[in-house]
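Below: one structure, written as structure tokens.
Because only heavy atoms are used, hydrogens play no part in the values below, and waters and symmetry mates are left out as well, while side chains stay in. For ligands, and for the atoms within them, numbers begin at 1 and follow the listed sequence.
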Amino acid sequence: MSEQQVGPAKAGRAEASPTEGLCERAISRALVFLGSRQEPDGAWRGDYGGPMFLLPMYLAAHHIGGRPVEPRRREGMVTYLRAAQHADGSFGLHIESSGCLFTTVLSYVAFRLLGLPPDDERVALARAFILGHGTALACASWGKFVLALLNLYDYEGLPPILPELWLLPARFPLHPSRFWCHTRQVYLPMAHLYGMKARMPADDLTYALRRELYDRPYDSIRFSDHRNTIAAGDVYTPASWPLKLVNRILGFYERFHLAGLRKRALARLAEHIDFEDQATHFIRIGPVNAVLNTLVHCFRSPHGEATKRSFATLEGYLCDGHDGTKMNGYNSTALWDTAFATQAILATTEAGAHGETLRGARTFIVANQVLEDLPDYRRYHRHPSRGGWPFSDREHGWPITDCTAEGLSAALLLETVGLPALPDERIRAAVELILSWQNSDGGWATYERQRGGRWLEVLNPSHVFGDIMVDRSYPECTSACLASLALWRRRFAAKNDSGLVRRVAVAMRRGEIFLRQAQRDDGSWEGSWGVCFTYGTWFGVRGLCAASAPTGDPALARACAFLYAHQNADGGWGESGTSCAERRYVGARSHAVNTAWALLALTGAGQANDPRCARAAHFLVASQVDDGDWPRQALSGVFNKTTLINYENYRRYFPLWALARFKDESRGLLTSPSEAS
Ligand code: LAN
């Protein structure tokens, strides 16, 4: 992907004498720029593209539902797909990778659904890749599933996704309620569609695609032989032998399944799907079940209200980005971006001059706290929601541990500039919710407490993702919760009833123990939602500091040593996205966001006066562009080890935050790499 060059325009400034003024000026400009990106409702939102399977799924749903995409949109989508395609014709699992058959097959179909002919140069190139890598028979399981819905692959060739699993008692270790909510909510509509063997009727395009995607006549293919056929480039998590065994057993059941039981199971699934639709105002937890739930309605009642509303709500996932029109990974990034932007602004000494911006942010944060639990939430395996914040907005309806924590932290910090606090009972509800989410290992997971054993990961059927089966404690989520609890304690320890104060103290102690155990021998923490060890290590340090670790704490010293060991010669840090999949630090050219995380960690650990921090700050100042933004560089977000995702605003608030902390805790003097050497 194209990257804006970091640096050259700044050469003049890089050579300027290292004065505090430079740092201050960079902060002022960043504040102005960040302020200019705020939306009228007080929130920041950004492009959330990256994964390459989403747009094709959106298009498949429109095709199956007989809803043509507007020509204006089509153009943007073709632009996006063309820009994402690699010279060998392939697409990657995400926009920065290549060679994934799953996304290449889906993007091929997307091209064709968008009206491109098979002899279009790019389409032909993609087809050559597909035919050279095992044809559509070898793509990862989600690809085959989408093809089955489009009547381009036979259900016989899919591992069974049994609706009946949802009829098992919830105590059963394999009950879907134990799975990570994203996995559960994707396999829920999949099980429904599988159970009814949903597929659109074949039309001319179907017959054409059947010829294009395979190297032999469609009718001659024995799909049941291809359940385990998979291209090497699509495998991150190979199907394990226990998974294959379970699939065989379920496959046997599927051959003889009882019609009555199937009917009951489908009715149960429909009930859960309807609940998710209502709970999220049809937004759904994420883009994948947004598409799949839409299709469930579409197959059940093509012209029904739920189908119409589903398609209308899907539009909210589309994004006109710098590289074309894509489907975002969430309905928005609003709360997450707003909570961080607020904290970054508040870290500066100029926060007082940005009252309007902060007031707007506060309005958004206050308006998007979830105030009620969902009706009958236990029946649908939902955790309570009251007091929480989602990643995007209240309508989305799924509060998240760290989003709640960052929302609460931002709300509490806003008081320091004299903005009115949240009512006490709302603050208390957030704290109670955070406490209710803590796992028995002391850490915090993403949306729920850990509900199943880690061993369930052996049943991961996705091929392309890692770590999708169970929600479990993450250093990032844990640290965010600790940071918010520390702020709460500072503000309320004297005021509140001692019962809650005591419970918070115990929770923080347990969280700290989790964090210490999660630290790696080399001093780093592995991140799971950002790239990667710089992200994790910032959170690790932030969490330990929140838990009052002293500056000389050996865990902090080890974390700093890890970071210093990976600092680049130009003073910055750059971490490759492959760190996440490989689970080891893979360096890259310096990146403003990685550098900001490292500098935040180091300043948090009391290192601000170390010359290496001054060099890091210098890198940030020197790489800022004139309008106060930082250049767009490699993607900084990730999920499930393999899939990078774009956080468009990270480069606008993390460097600002880091510079503010650096300036605050040092004299703000910068050191250029040449001076340091
Ligand atoms: C997200 C987006 C937000 C993100 C943070 C809050 C930043 C993180 O700290 C915790 C995890 C979370 C909530 C997260 C998890 C995985 C998500 C939901 C995503 C990256 C957005 C899209 C992704 C989702 C899983 C995509 C669909 C793919 C599946 C494998 C189900």
Given that the side chain starts at C-beta and the backbone is N, CA, C, O, which of these parts of Pro287 lies under 4.0 Å from ligand 1, counting heavy atoms, or is it both or neither?
neither
Heavy-atom proximity to atom 31 (C) of ligand 1, picking from Phe539, Trp142, Phe465, points to Trp142
Quick test of your reading of the structure: of Thr404, Asp402, Thr642, whose heavy atom lies closest to atom 5 (C) of ligand 1?
Asp402
Pair His396 + His281: ring centers closer than 6.0 Å
no
Show which atoms of ligand 1 fall inside a sub-4.0 Å distance from at least one heavy-atom site of Tyr330.
18 (C), 21 (C)
To atom 14 (C) of ligand 1, the nearest of Tyr647, Trp336, Trp529 on a heavy-atom basis is Trp529
Has the side chain of Glu96 got a donor or acceptor atom that lies under 3.5 Å from a matching backbone atom of Leu635?
yes
Option nearest atom 10 (C) of ligand 1 (shortest heavy-atom distance, choices Thr446, Thr401, Asn328, Val288)
Thr446
Do Asn646 and Asp47 meet the criterion of a side-chain donor-acceptor pair at a distance under 3.5 Å?
yes
Enumerate the atoms of ligand 1 whose separation from the nearest heavy atom of Gly329 is less than 4.0 angstrom.
21 (C), 22 (C)
Is the closest heavy-atom distance from Cys403 to ligand 1 below 4.0 Å?
yes
Which of these passes side chain to side chain contact (heavy atoms under 4.5 Å, CB included) with Trp389: Val370, Leu408, Asp402?
Leu408
Quick one: sort the Tyr647 and Tyr48 rings into parallel, tilted or perpendicular, breaks at 30° and 60°.
perpendicular
Per-atom contacts of ligand 1 with Ile400, taking only distances under 4.0 Å to non-hydrogen atoms
13 (C)
Taking atom 24 (C) of ligand 1 as the reference point, the nearest protein heavy atom with its distance:
His182 ND1, 3.9 Å
So Trp657 and Trp538, would you call those rings parallel, tilted or perpendicular, with 30° and 60° as cut-offs?
perpendicular
Which option, Phe639, Trp444, Tyr187, Tyr48, owns the non-hydrogen atom nearest atom 1 (C) of ligand 1?
Tyr48
May I ask you to list the atoms of ligand 1 that are less than 4.0 angstrom from any heavy atom of Val186?
31 (C)
Ring geometry between Trp336 and Phe340 (parallel below 30°, tilted from 30 to 60°, perpendicular above 60°)
perpendicular
Below a 4.0 angstrom heavy-atom separation, can you tell me which part of Asn640, side chain or backbone, both or neither, approaches ligand 1?
side chain
When the aromatic ring centroids of Tyr474 and Tyr535 are compared, is their separation below 6.0 Å?
no
Which label fits Trp437 and His383: parallel for a plane angle under 30°, tilted from 30 to 60°, or perpendicular past 60°?
parallel
